[in-house]
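Single-structure report; data block below.
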Amino acid sequence: MTTQLKRYDGRNENKLRAIESEQALLNKADGSAKFSQDKSTVLAAVYGPIEVNGARKEKILKSYVEVTFTPALGNSSYIDKEKELLVKNAVESMILTTLYPRTQISVIIQIFSDDGSIVSCAINAACLALLDAGIEMNGLLGSVTLCFNNDGSIYLDPDIEEENESKSLAIYSFSSINKNIVMSKTIGSLTEDQYFNGLKLASQACDFIISYIKLAVKNRIMGANSSNSSGVDNK
Amino acid sequence: MEAFQKIHPLEFYRKFLVRSVRPDGRSLDDIRKTTISTGSITTADGSSFVKMGNTSVVCGVRAEVGEKPSTDKSKISSYNVHENKNIFINIELGPICSNTFSSTKPSDIAMSLCSRLNSLINRLEIPETDYYFDEEGKALWYLYVDVYCLDYDGNIYDAAVLSIISALKNVKLPKGVIENNDEYYKDLESPQRKLKIQHYLIPLSFSVIDDYILADPSLDEEKLSSGTINITYNELNEICLLLSTGTSLISETNLKDCMKKAKERSSFIIDLINNSNVDK
Amino acid sequence: MSKLSYISPEGLRIDGRRANELRRINVEMGVFNRADGSAYYEQGNTKIIAAVYGPREISVSGKGVFDRAIVKCEFSTSSFSTTERKPQQKTKGDRVTTEIANLVKQAFESTIQTHLYPRSQINIYLQVLQSDGGLKAAAINASTLALIDAGISMKDFVCACSTSCIDGIAVLDLNNIEERSGGPDCLLSIQPQLGGVISLNMDSKVPQDLFESVLELGEKGCKKIFLILSDYVKRYSSNLISNQIKN
């Protein structure tokens, strides 16, 4: 048994941070959810299905999915556009867009605080918000971020310090339907073995997040407290 | 037949894909003819022109002198330690390349491409001494890379990556001299030096249509696709960027196939970049 | 203090040309696939690309004219085209680019047979890759070729050339250093075969007795450019036709 170098907050390599979530916080939005992974907090709001606000974007057989990503500080820049695209692709794969033709489903992501793994947090929040809005989906979405360090170690769910010191990052998103990848992005250089190792870890972690989401929705519907928190570690 | 292509483009394509070909005659794995030429723009410190099939991209690099940034950590909160902060990339997709782009508002594709290219190129390992303006490094060179797409026929990401890496390898910086602490002079007499970029980037993008994966998609194929995979390797076969997006789910075996195809392209691209940058 | 002499006592300019010599011109048509017509035009170190999209549907439906096509032009310089880098925000929508765009637009509005394309629009896009003087003239010449490549009906070519008067001598086709000398900068664009003047723009002052010779030199320059361009167009078209016949 090797002595593992503890991370800054004392976690194991494979441990997710404490997850908290809240649903239906906003009155006007069709669905909303707040998702936090320790200090990374994201609020997602869903409006839809609504009328498309520009006739050019309207699709005849499907719904048009729009995602807006607003950072915690400052205006949205081109970096946020890329994050928007990632969330949009993940979310669009799951929504049954053919059930809502000629409409638009807007997902608005507002970052409250960014402490690493923010895109994953946003995708998880979006999934919860879509459930809250009652939009039909193919399955549930979960997403995690992994960081690969110079010494070869792989950290699950890094915070901002770990992200800044890592050699590379990988964001994975899986669904509850099958083992295929919904969305994946890497930043920095890593070997193929590292990527596929990370894939396995991420798949398990996403399963955990998906079961957390199920639990959160179940508790809400069954009438328990409207906010849930869970600090269970991943094995 | 042209009417069929316009009315039902997806069905038209499917008829070809079933036989493992594409309308332009390529197989599902064939990549369009790629050419790179460098150094044609003399006002830029480095330039390149890349053509992949019909997609044409021109890239120019300007070097400007700036102060060494302060190492105050409180200001740079979201910078990775491995990122070099001296290269800035800007990509323009204007109406000249396609009628779908507007000249005033940058399109979503342009912005996300810009972000992706910046994060890709900023992780290239370039020794800090390469950026030194003078010998001690009191001032640094900042490289502004501008990429303009002139003809948009799909797979702009690959063309842009190739053009940036060729242009960076083409950059020639003059020797710099600092006098009196704030006067910067370029010593035009002594020979210019190149940047020591040892790395190569080998990009390859795929489009997913139904269950078929097409390498190097053209514009028609991109429009019909339900997913995109961008893979970029470096010369050590490390993944520099892997992006798998779209509405279809990708299986691990498909991803491994794509990676294999991308690696096969490695030696061809490395030769192409080297040949285009042979000292003339 | 020595003043930079633009014309040496032997009559040679900074780049070794005589006063009435044009720089070397290199052109190519049909360079891009997506645009309806495209051209690459090089005059000395000035390199410019023109792309034409049209005739096509009007983008803003209110602006259409029922019996004619409208011509729109957009001009943009690359950040690396000049000796000092100009970031993109500063080059779009500023006065110089709008002026050049308008110049090209007006030149072709009168030359294109717009009554053949009612209720449609023709867009000309110009991208400068390298700038070394004579930009406006190069823009007009490049657009002519791109319009021909797009197959748009025109009454004639439009050829343009810049001239000036330095040290009392009429000079043809200025490069960047000569343009910045502060002397007059005269742009003449004509329809070479029909013989009409499309536009004549001039900055600064030219003495009245020298004006005629400056204008004459400009006309000669435009006619020379016309010969080069029409020669290329004939070769390009005959290549195109012979390729068609082969297939």
Side-chain angles (χ1 to χ4, degrees), chain B residues 24 32 39-49 51-65 88-106 110 114 142-154 156 167 170-171 186 218-220, chain C residues 26 30-40 42 44-57 59-60 72-89 91-93 97-98 101 121-133 142-143 146 176:
Chain B
D24 55 4
R32 294 174 288 185
S40 32
I41 300 181
T42 47
T43 48
D45 296 302
S47 61
S48 70
F49 178 72
K51 220 169 143 91
M52 274 185 89
N54 284 325
T55 300
S56 313
V57 157
V58 71
C59 172
V61 182
R62 291 317 293 276
E64 292 189 0
V65 194
F88 302 94
I89 301 186
N90 179 36
I91 180 162
E92 295 277 335
L93 296 176
I96 195 171
C97 61
S98 162
N99 48 12
T100 46
F101 298 125
S102 108
S103 55
T104 43
K105 194 170 152 235
C114 198
Y142 288 89
L143 300 173
Y144 291 89
V145 181
D146 293 288
V147 184
Y148 292 90
C149 176
L150 300 171
D151 202 358
Y152 187 70
D153 192 22
I156 180 80
N170 182 247
V171 167
K186 289 187 202 173
S218 69
L219 185 62
D220 301 324
Chain C
N26 218 358
V31 282
F32 300 128
N33 191 263
R34 198 127 165 87
D36 294 320
S38 55
Y40 168 74
E42 199 180 291
N45 276 333
T46 298
K47 298 180 179 144
I48 190 169
I49 285 185
V52 168
Y53 285 84
R56 55 163 148 159
E57 202 184 322
S59 52
V60 182
K72 280 191 168 173
C73 176
E74 270 181 45
F75 181 85
S76 106
T77 50
S78 314
S79 313
F80 43 77
S81 59
T82 51
T83 43
E84 275 235 0
R85 180 179 182 265
K86 285 216 172 86
Q88 202 63 27
Q89 292 83 347
T91 57
K92 287 234 172 91
T97 42
T98 329
Q121 92 180 7
I122 297 174
N123 283 43
I124 307 174
Y125 297 107
L126 294 153
Q127 180 83 29
V128 178
L129 296 179
Q130 207 173 317
S131 162
D132 187 26
S143 309
N176 205 9

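Quick note on labels: first sequence line is chain A, next is B, and so on, each numbered from 1. All of these numbers come straight from a predicted model, not from anything done at the bench.
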What do the steps show when you test B:L219 against C:R34 for side-chain contact (heavy atoms from CB on, under 4.5 Å), and what is the final call? CA-CA 10 Å; B:L219 185 62; C:R34 198 127 165 87; 3.3 Å; yes
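In terms of heavy atoms, B:T43 sits closest to C:T82 at CB-O, 4.1 Å. Between C:Q127 and B:L150, the shortest heavy-atom contact is CG-CD2, 4.3 Å.
Interatomic distance, B:I96 CD1 to C:L126 CG, rounded to the nearest 0.5 Å: 7.0 Å. Here C:L129 contributes atom CG and B:I41 contributes atom CD1; the two are 5.0 Å apart, rounded to the nearest 0.5 Å. With values rounded to the nearest 0.5 angstrom, C:Q130 atom CD is found 8.0 Å from B:S47 atom OG. With rounding to the nearest 0.5 Å, the separation of CG in C:N45 from OG1 in B:T42 is 4.5 Å.
Heavy-atom distances place the side chain of B:S56, and not its backbone, under 4.5 Å from chain C. Residue C:V52: no heavy atom, backbone or side chain, is found under 4.5 Å from chain B. Contact of C:F32 with chain B is made through backbone and side chain together, with heavy-atom distances under 4.5 Å.
Ranking B:G94, B:G60, B:G53, B:P95 against chain C, the residue ahead of the rest is B:P95, based on heavy-atom pairs under 4.5 Å.
Checked against B:Y148 for a side chain to side chain donor-acceptor pair (under 3.5 Å), the options C:S78, C:S76, C:S79 give a single hit: C:S79.
Residues C:F80 and B:C59 have side chains not in contact (no heavy-atom distance under 4.5 Å, counting atoms from C-beta outward).
The neighbour count for C:E57 CD, taken as heavy atoms of other residues, nucleotides or ligands under 6.0 Å away, does not exceed 12.
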